[in-house]
Amino acid sequence: MSDVLETAAMAKDSRIRLRGLQRAELNGAEGRVLGPPNDNGRVPVQLDDGRKMALKPENVQPLPGRAPTRQEDMEVANQAERLLNAANE
């Protein structure tokens with residue numbers, strides 16, 4: 001997949017993995033995309049450990065799926081609550 005296509009596939013909250021960085025300890029770290037590429041073409045990301053950074057698209061590998069939105073989290077929680085209530089009736 002070309003860098004352009006990969007960048008386009010990285011919508012906000014998409015799950016990503018870092019690769020090809022000079023700081024080898026960061027390679028393989030996972031996180032999520034915070035928004036569209038900035039004026040320098042770098043992709044803003046937040047790693048699962050909370051660190052935020054802006055990286056070149058070639059250093060950000062999209063992962064299958066994406067992080068759930070807050071709304072989706074709430075829907076899942078509400079559904080679980082309804083199932084538990086139904087099971088206890």
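Computed from a predicted structure; not experimentally measured. Just so you know, residue 1 is the first one in the sequence shown, and it goes up from there.
With a 4.5 Å cut-off on side-chain heavy atoms, Val45 and Arg32 do not count as touching.
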Tell me, with the steps shown, if Ile16 and Val60 meet side chain to side chain contact (heavy atoms under 4.5 Å, CB included). CA-CA 6 Å; Ile16 54 92; Val60 181; 3.5 Å; yes
Going through the distances and angles, do Arg51 and Leu26 end up as a side chain to side chain contact (heavy atoms under 4.5 Å, CB included)? CA-CA 11 Å; Arg51 288 183 283 181; Leu26 290 176; 3.4 Å; yes
Please determine whether side chain to side chain contact (heavy atoms under 4.5 Å, CB included) holds for the pair Val33 and Asp13, giving the CA-CA distance in whole Å, both sets of side-chain angles, and the decisive distance to 0.1 Å. CA-CA 5 Å; Val33 174; Asp13 291 326; over 6 Å; no
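Taken to the nearest 0.5 Å, the CG atom of Asn27 stands 7.0 Å off from the CG atom of Leu18. In this structure, Gln22 CD and Asn59 CG are separated by 9.0 Å, a value rounded to the nearest 0.5 Å.
Summarising the local packing, CG of Asp39 is surrounded by 12 or fewer heavy atoms from other residues, nucleotides or ligands at distances under 6.0 Å.
Across all their heavy atoms, Arg42 and Pro44 have their closest contact at O-CD, 3.5 Å.
The side-chain contact (heavy atoms from CB on, under 4.5 Å) test with Leu34 is passed by exactly one of Lys12, Met53, Lys52: Lys52.
A distance-only check finds no donor-acceptor pair linking the side chain of Arg17 to the backbone of Pro62 [under 3.5 Å].
Ion pair Arg15/Asp48 flagged as a salt bridge, since at least one NZ, NE, NH1 or NH2 atom sits closer than 4.0 Å to an Asp/Glu carboxylate oxygen.
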